[in-house]
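Just so we're on the same page: letters track the sequence lines, and every chain starts at 1.
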Protein chains: 8
Amino acid sequence: MNEASLLTLLTQVRAGALSPDEALARLRLLPVQELDGVRLDHHRRLRTGLPEAVLGASKTVAQLVRILRAMLAQQDVALATRVAPEKAEAVCRELSGLSYHAEARILSGNEQYVKAAGEGLITIVTAGTSDIPVAEEARVTLSLFGHETQCVYDAGVAGIHRILAQADLLQESRVVIVIAGMEGALPSVVAGLTPAPVIAVPTSVGYGAGAGGAAALLGMLNSCAPGLAVVNIDNGFGAACMAAAINRPAKRR
Amino acid sequence: MNEASLLTLLTQVRAGALSPDEALARLRLLPVQELDGVRLDHHRRLRTGLPEAVLGASKTVAQLVRILRAMLAQQDVALATRVAPEKAEAVCRELSGLSYHAEARILSGNEQYVKAAGEGLITIVTAGTSDIPVAEEARVTLSLFGHETQCVYDAGVAGIHRILAQADLLQESRVVIVIAGMEGALPSVVAGLTPAPVIAVPTSVGYGAGAGGAAALLGMLNSCAPGLAVVNIDNGFGAACMAAAINRPAKRR
Amino acid sequence: MNEASLLTLLTQVRAGALSPDEALARLRLLPVQELDGVRLDHHRRLRTGLPEAVLGASKTVAQLVRILRAMLAQQDVALATRVAPEKAEAVCRELSGLSYHAEARILSGNEQYVKAAGEGLITIVTAGTSDIPVAEEARVTLSLFGHETQCVYDAGVAGIHRILAQADLLQESRVVIVIAGMEGALPSVVAGLTPAPVIAVPTSVGYGAGAGGAAALLGMLNSCAPGLAVVNIDNGFGAACMAAAINRPAKRR
Amino acid sequence: MNEASLLTLLTQVRAGALSPDEALARLRLLPVQELDGVRLDHHRRLRTGLPEAVLGASKTVAQLVRILRAMLAQQDVALATRVAPEKAEAVCRELSGLSYHAEARILSGNEQYVKAAGEGLITIVTAGTSDIPVAEEARVTLSLFGHETQCVYDAGVAGIHRILAQADLLQESRVVIVIAGMEGALPSVVAGLTPAPVIAVPTSVGYGAGAGGAAALLGMLNSCAPGLAVVNIDNGFGAACMAAAINRPAKRR
Amino acid sequence: MNEASLLTLLTQVRAGALSPDEALARLRLLPVQELDGVRLDHHRRLRTGLPEAVLGASKTVAQLVRILRAMLAQQDVALATRVAPEKAEAVCRELSGLSYHAEARILSGNEQYVKAAGEGLITIVTAGTSDIPVAEEARVTLSLFGHETQCVYDAGVAGIHRILAQADLLQESRVVIVIAGMEGALPSVVAGLTPAPVIAVPTSVGYGAGAGGAAALLGMLNSCAPGLAVVNIDNGFGAACMAAAINRPAKRR
Amino acid sequence: MNEASLLTLLTQVRAGALSPDEALARLRLLPVQELDGVRLDHHRRLRTGLPEAVLGASKTVAQLVRILRAMLAQQDVALATRVAPEKAEAVCRELSGLSYHAEARILSGNEQYVKAAGEGLITIVTAGTSDIPVAEEARVTLSLFGHETQCVYDAGVAGIHRILAQADLLQESRVVIVIAGMEGALPSVVAGLTPAPVIAVPTSVGYGAGAGGAAALLGMLNSCAPGLAVVNIDNGFGAACMAAAINRPAKRR
Amino acid sequence: MNEASLLTLLTQVRAGALSPDEALARLRLLPVQELDGVRLDHHRRLRTGLPEAVLGASKTVAQLVRILRAMLAQQDVALATRVAPEKAEAVCRELSGLSYHAEARILSGNEQYVKAAGEGLITIVTAGTSDIPVAEEARVTLSLFGHETQCVYDAGVAGIHRILAQADLLQESRVVIVIAGMEGALPSVVAGLTPAPVIAVPTSVGYGAGAGGAAALLGMLNSCAPGLAVVNIDNGFGAACMAAAINRPAKRR
Amino acid sequence: MNEASLLTLLTQVRAGALSPDEALARLRLLPVQELDGVRLDHHRRLRTGLPEAVLGASKTVAQLVRILRAMLAQQDVALATRVAPEKAEAVCRELSGLSYHAEARILSGNEQYVKAAGEGLITIVTAGTSDIPVAEEARVTLSLFGHETQCVYDAGVAGIHRILAQADLLQESRVVIVIAGMEGALPSVVAGLTPAPVIAVPTSVGYGAGAGGAAALLGMLNSCAPGLAVVNIDNGFGAACMAAAINRPAKRR
């Protein structure tokens with residue numbers, strides 16, 4: 001049941017065609033918009049403030065074309081993450097109006113609907129150069145969500161002066177996303193240098209014990225620095241969503 | 001070297017008692033305030049906006065008394081987390097001016113220095129009643145940091161109507177902390193219902209596979225809902241710090 | 001919003017005191033019965049066919065007394081699992097009308113409301129004598145839910161003739177619950193001997209590698225025998241709920 | 001020793017050619033049907049009600065052809081799961097009478113022997129579109145076993161209204177199979193909405209911590225909702241077997 | 001059905017009171033000795049050559065008394081492993097005729113039935129003094145099974161000369177049991193010095209990473225030395241059983 | 001220092017050219033045969049009764065050719081395990097006199113030096129057909145070591161009659177190797193049916209939780225059946241070495 | 001801020017153009033050399049005594065060319081580790097002056113700046129031939145850092161005489177690097193034979209349980225031999241850096 | 001065979017009482033000092049430069065008394081680590097001449113044999129106050145080995161200025177031991193600030209994910225800073241041994 005049919009039901013109650021008791025029975029479980037097979041959640045922006053995005057990793061080209069075509073038909077940004085280069089090329093051959101951000105592996109469209117959304121600056125820091133693709137996933141996502149970003153790449157703790165040199169920028173940021181693989185120590189240092197909330201993103205950079213990001217993830221979860229929370233390994237998109245949720249103009253009392 | 005001695009050094013340069021080159025040598029590595037044995041970081045509030053707090057779990061009574069006495073002498077809130085009841089009682093026998101929050105296991109003092117700090121409402125949700133001690137650690141910490149909170153306890157997904165009934169409150173919150181053990185599914189549902197950033201806190205409630213909070217932690221890290229980040233298992237204090245960092249009046253552009 | 005207030009709302013629509021549009025706004029998110037602090041889900045039986053039960057492990061005596069008193073006031077069976085002997089004794093001192101099943105560690109009351117619920121026989125098998133407490137948790141739960149059970153204890157695979165001797169009973173059962181620690185091989189053997197669905201319960205019996213039930217759990221999940229599903233380690237209550245859901249008279253086409 | 005030779009032995013006892021004591025010695029360990037090299041268990045349907053099926057994943061084309069040819073010679077459905085497309089093509093080139101279900105990766109034959117077997121409706125739910133191949137493995141298997149199914153795909157918890165919209169269907173089902181990757185929270189929500197037994201299937205969809213399905217598996221095992229049991233990661237076939245065992249007309253008392 | 005009733009059945013066939021077909025139906029599934037509640041497997045020695053033994057760890061005093069009384073009534077050695085001192089004392093107060101081996105934590109009785117069983121010498125080696133309780137569990141078990149043992153304790157690889165000094169003994173042994181915690185390297189060295197099969201027993205001695213015996217277990221499983229197999233952590237009894245099975249006079253061709 | 005130089009040294013002592021004290025200093029640490037770069041341990045057979053074998057997995061074709069040429073020059077069997085088909089082909093092109101056992105992935109040569117070595121029969125059992133390559137690695141190795149084997153393949157516990165039908169063979173064996181993936185339950189059943197020592201080999205067959213053989217390994221380590229020890233996952237060669245060590249004619253007292 | 005600008009600042013203070021208070025504000029957080037995008041840390045040698053090296057594993061050819069060109073322009077050794085052969089070839093096509101060490105997978109240049117740096121001999125030992133690539137990474141790195149090395153390859157514990165034969169060399173070494181996969185037992189034996197500090201390097205050689213190096217890593221961390229520390233799995237470069245730090249002429253008192 | 005008997009043997013060869021060939025046979029395997037039951041390795045100092053020490057954790061009071069009495073009878077320092085206070089008290093009641101270092105949990109004696117052994121300064125750094133017991137274990141051990149230490153406690157990365165303030169000390173040290181729990185990030189920062197080799201010691205301080213030291217251990221193994229190696233969790237003694245081995249006056253070329 002969608003809103004239209006709910007309105008019909010209420011109108012029937014009003015008109016006496018349906019008794020309140022009969023309506024009650026039908027309303028006991030939430031009547032919500034019944035969607036088609038793909039169940040694209042176009043109402044997400046209403047509920048959560050973030051547009052629908054699609055995870056491209058396990059979708060076929062045909063599925064991506066179908067979903068992105070539906071998205072482009074809406075008056076909102078279209079966005080697919082984790083799209084490998086060949087897949088992106090195949091999609092773009094069948095569907096015009098899309099851009100591919102190669103390092104971020106993002107397909108986007110309808111950029112004309114991007115609206116400035118954030119109050120402050122979101123700073124994105126990486127420990128090494130190998131962490132940059134994850135950082136770019138966050139940066140491109142945020143720019144499509146309408147937020148301003150600044151990037152500081154390759155500033156890991158083995159040369160501590162590199163992040164200390166950015167202390168002013170960290171102090172001025174509204175949110176800081178810190179992306180690191182290996183031992184994942186950078187977010188702890190950053191959180192000790194800024195009043196901004198820090199979103200820590202472990203990456204799968206590394207090898208041996210802790211390969212795949214386990215060491216970085218555990219390190220960030222066990223950080224002794226307050227004002228820090230963690231998203232999944234390599235989840236640049238998730239970090240961007242959290243940063244956007246923080247940076248959006250909030251209800252104040 | 002602390003700020004006083006740094007000022008002395010700069011004054012000596014000004015007075016010609018020290019050449020710029022000599023000063024350079026002494027300044028090459030960051031000269032910062034040299035603290036006593038305990039190295040209490042009273043400047044943390046300046047850098048990060050959060051007061052120093054002490055993790056009581058592995059401290060002896062003697063250590064806690066010494067540290068809290070030093071904190072009480074400062075013009076700022078004093079706060080020790082994870083203090084077991086007997087330890088708290090022993091500390092309070094030796095040091096007056098402290099309150100013990102039993103369910104939160106927090107010792108606090110100098111509450112007269114609490115200043116209203118937040119812009120919006122921080123909502124704290126738990127999935128079950130067993131998660132309440134972690135929620136209380138977050139709630140008491142936030143009240144000591146000067147933030148307004150509202151609590152919704154025992155609203156897990158096995159009875160999904162319980163959290164749906166709080167949809168308005170979730171929509172109005174500036175930040176939502178969601179605390180859950182077992183399968184840890186509640187944060188995903190909440191993040192789909194609110195534009196506020198969600199801080200997910202896994203708890204060690206449960207048994208068997210995933211005992212100690214592993215199932216809840218993994219579930220939250222793998223959440224399919226955007227706008228959510230995670231802190232360590234049972235880390236109510238960490239969630240409060242992240243919420244405070246988000247809720248503090250931020251620099252805007 | 002509970003059903004009463006929902007009825008009120010619908011009546012107001014009927015009476016013209018509320019327009020359908022206004023009602024729509026208030027109904028957009030599911031308005032369900034708002035419960036008190038404990039949020040006991042008395043409607044669970046309506047939705048799921050199973051009465052509410054309370055996990056006693058991490059509740060205090062005071063919490064258990066409060067919750068069980070509320071349950072006893074309902075016209076349904078009252079049931080708390082994982083209640084340690086001392087805790088049970090303390091609860092029973094404050095609240096009359098409860099029975100304690102020591103080996104099963106279950107507190108129950110209102111047994112007069114037990115109604116015969118199942119169609120067939122539920123057989124409970126254990127591999128060793130150390131698995132019996134988990135079996136008893138399942139057996140007592142099922143008897144409180146109104147199902148008939150039969151028990152075969154200490155029939156592990158190291159003496160394979162012990163379970164083969166029960167082949168007729170396995171063939172006649174509607175559901176078989178198989179409980180095993182150590183290597184957890186018994187469910188695979190049983191599932192090869194019966195057409196009944198097998199619910200496998202790993203137990204924490206054992207030591208060394210796989211201590212805590214990991215070996216049994218992994219073994220059961222990787223069973224090469226079809227017609228078998230698994231619940232959490234030591235989760236006799238969960239197995240009983242699954243068995244009850246299977247054994248209840250079902251809608252047929 | 002098979003039944004024929006057992007009958008011979010018993011006839012010899014009757015005829016006095018063998019003394020009871022001599023027969024006893026030969027019967028001490030179970031004399032059962034000795035099968036050929038492949039040991040296809042054609043008697044499985046008699047014992048367990050389910051036809052033999054073959055796991056194609058680690059079989060060569062030659063092995064599959066040999067086994068499926070033997071199966072097709074029986075008066076029962078032939079079924080091989082986890083057959084990759086190229087392997088399926090190669091098998092079909094050598095053996096006629098087989099169909100390949102591409103998304104389910106199943107090879108089947110002898111469909112004329114499918115007999116309606118179930119009492120009620122089996123509903124198959126997935127959280128995302130990436131979980132559909134596992135769902136299809138379950139659906140095709142169940143249709144070959146003679147059960148009626150209905151599918152609800154892409155109804156995960158981040159948009160909770162999607163599953164709530166299916167509440168009536170869930171209430172009417174005899175069994176519900178719920179398939180989810182990522183945090184695996186959907187089975188808990190479904191089990192709270194239906195009296196039917198829920199079979200939870202974690203999938204390997206996801207990445208980072210909990211990649212390969214660990215987060216979903218742990219989440220489902222730790223579900224706080226009763227009436228739910230779990231099969232191995234991606235095990236659509238196992239879920240179908242459990243559902244068939246539940247849905248088959250059972251002996252009643 | 002036990003052997004007596006099987007003999008009855010065969011006699012009935014012989015007498016014509018039962019047709020071969022009727023007997024066939026009753027024999028289809030293995031009719032074996034139906035035992036009482038405890039299901040003590042007194043026939044184990046016939047099938048496997050090893051007497052029944054009972055794992056005392058999770059048994060109550062009452063259970064142990066009941067089982068050991070039944071064992072003492074048989075004409076075979078009685079043996080319970082993993083019996084804590086207080087439990088042993090309580091059992092011995094209620095049941096006479098038992099001896100307690102404190103370091104091995106074994107209760108034994110009916111030693112008059114021990115018969116010399118082995119062909120060669122079984123040597124038991126430990127890496128450290130903390131591994132001795134596990135070694136004693138193996139040694140006492142083997143002496144109760146009738147095998148000759150020799151012990152070399154505290155001969156770990158950090159002082160490699162200690163094991164090299166025992167090279168002659170290792171060469172002469174029929175079986176060598178090597179028990180080690182920490183890194184568990186000793187079995188690899190021993191297996192390189194002897195033609196005897198080596199049974200490696202990891203112990204839970206150690207701390208930090210690999211605490212509980214994981215490092216030793218993994219090390220032994222990954223040994224680069226041939227002629228070595230592993231039992232569970234701290235499983236001195238299991239090592240003894242394997243050694244006894246090897247050392248027993250075997251059928252030869 | 002090799003034996004030749006040791007003899008030289010001792011002769012010098014005898015001749016008075018070296019004082020006992022001087023010799024002592026040089027003998028303090030074990031002077032053993034210094035080998036060439038590859039350090040092929042041709043003396044292994046003397047110490048351990050097993051010929052040297054080479055693990056081919058991580059060797060290059062050039063390395064394998066060099067090592068096998070050296071082995072062929074000795075008067076003993078030459079043996080390389082884990083040699084992929086292409087690598088085997090390349091080696092055989094450069095070096096004549098080798099045979100490739102495809103399913104076992106073994107390269108062998110000098111078979112004329114195989115001598116009958118064992119006292120009894122070694123039975124090799126697999127649970128499924130996918131476990132056969134590991135079984136073949138064991139079987140070919142044992143035949144090269146001079147032991148008699150018999151194979152029972154595809155006799156897993158889901159159809160328990162398949163292994164029970166082999167009870168006589170199991171009773172007559174001197175050693176039984178049991179190879180199983182998935183839940184790895186077969187060794188427990190076999191060990192309950194035979195007095196022979198059982199060597200359990202987990203395989204990496206399976207998927208999901210416990211993929212890679214973890215479930216089978218843990219199950220075997222936690223077996224409740226005595227007389228069983230375990231080798232590493234897929235380690236058919238290791239099982240063969242242990243079986244050979246057991247089956248070799250042993251020193252008797 | 002780099003040293004030049006720091007000197008400017010101090011000169012301004014001296015000249016009275018900047019007050020000490022103003023300077024204090026700018027100096028509160030460490031002003032260090034602000035580097036370009038790549039942030040090559042050319043000052044590392046000053047701080048840590050080791051030249052900058054680049055991890056080639058996750059760099060593109062373009063990135064490697066850019067970084068190595070910058071390194072070659074410095075008067076110091078240029079060094080990139082973990083460079084696959086094809087990548088090395090591509091880099092060398094674009095940039096002259098580099099050598100590729102194939103087994104070590106290292107690209108190096110500017111070897112004319114290598115200066116003898118060490119006091120003593122660094123011995124590198126491997127357990128097997130498969131561990132040699134890791135050893136070569138260490139050996140080449142050390143030679144580029146100016147240290148003398150000696151190698152003992154293929155001396156694992158299954159033939160213990162192989163390492164004992166090197167006892168004199170081990171006694172004379174200043175540092176010993178011991179590299180082993182499988183059970184990783186060799187470092188414990190070596191540490192018991194030498195006064196030199198032992199750097200243990202687990203390798204990913206092996207399979208089954210402990211594949212990827214887990215068994216070797218855990219074994220080395222749990223070594224019972226003193227005077228030993230561990231680096232990450234396969235981390236030959238890290239071992240070389242630690243060895244160089246130890247072997248460098250140290251400040252003495 | 002000990003040195004005395006070796007000398008006897010050589011003397012016999014010299015005297016012609018034993019032929020070189022006969023001696024060869026007896027010398028083939030290393031004849032070393034055969035020790036008593038405890039096998040105290042008094043020669044360890046000769047081989048490794050470190051005195052024997054005993055791990056007190058799993059020893060009984062009686063064992064400790066016996067071993068320490070033997071140690072005190074030698075002309076070398078006596079040292080037992082991980083001795084709990086009550087155990088220490090009981091030992092000291094039976095044996096005079098011992099000192100107990102409470103925070104380090106070390107029992108020591110024969111301090112008159114301590115000789116200055118090191119060339120440079122060993123600096124011990126901890127991240128938090130809870131890491132101090134591990135640091136004290138290292139400090140007391142080093143002082144008993146004759147090395148000079150300096151301690152910097154409570155200098156974790158969340159307040160990065162605390163460790164930067166010690167930059168001069170770090171530069172001057174011969175070895176630095178860095179001890180940290182939680183995320184274990186401090187060793188990476190320190191290794192970037194000093195040319196000295198850094199020994200990283202993870203501690204079990206922390207909770208939740210990574211409790212028991214796993215996060216710190218993984219972080220340190222994955223450190224991106226060169227010149228660092230790791231010992232086991234909480235292994236202050238092991239760190240001290242490695243530091244002593246590095247700091248001892250080494251052979252130079």
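With a threshold of 4.5 angstrom between heavy atoms, B/Ala191 approaches chain A through N, CA, C or O but not through any side-chain atom. With a threshold of 4.5 angstrom between heavy atoms, B/Val175 does not approach chain A through any atom at all.
With sequence neighbours excluded, the residues that form a side chain to side chain contact (heavy atoms under 4.5 Å, CB included) with B/Ala215 are D/Leu218, D/Asn222.
Checked by atom type and distance alone, the side chain of B/Asn110 never pairs as donor or acceptor with a backbone atom of B/Ala78 at under 3.5 Å. Side chain of B/Ser143 to backbone of B/Val140: a donor-acceptor contact under 3.5 angstrom is found. Here the side chain of A/Gln171 pairs a donor or acceptor atom with the backbone of A/Leu193 at under 3.5 angstrom.
For residues 227-237 of chain A, a heavy-atom distance under 4.5 Å to chain B picks out A/Gly227, A/Leu228, A/Ala229, A/Val230, A/Val231, A/Asn232, given by residue number.
Residues A/Leu170 and A/Val152 fail the side-chain proximity criterion, which asks for heavy atoms closer than 4.5 Å. Proximity of B/Leu217 to A/Leu221: side-chain heavy atoms (C-beta onward) are separated by under 4.5 Å at one or more points.
A salt bridge does not link A/Glu136 to A/Arg105: none of the charged nitrogens lies less than 4.0 Å from a carboxylate oxygen.
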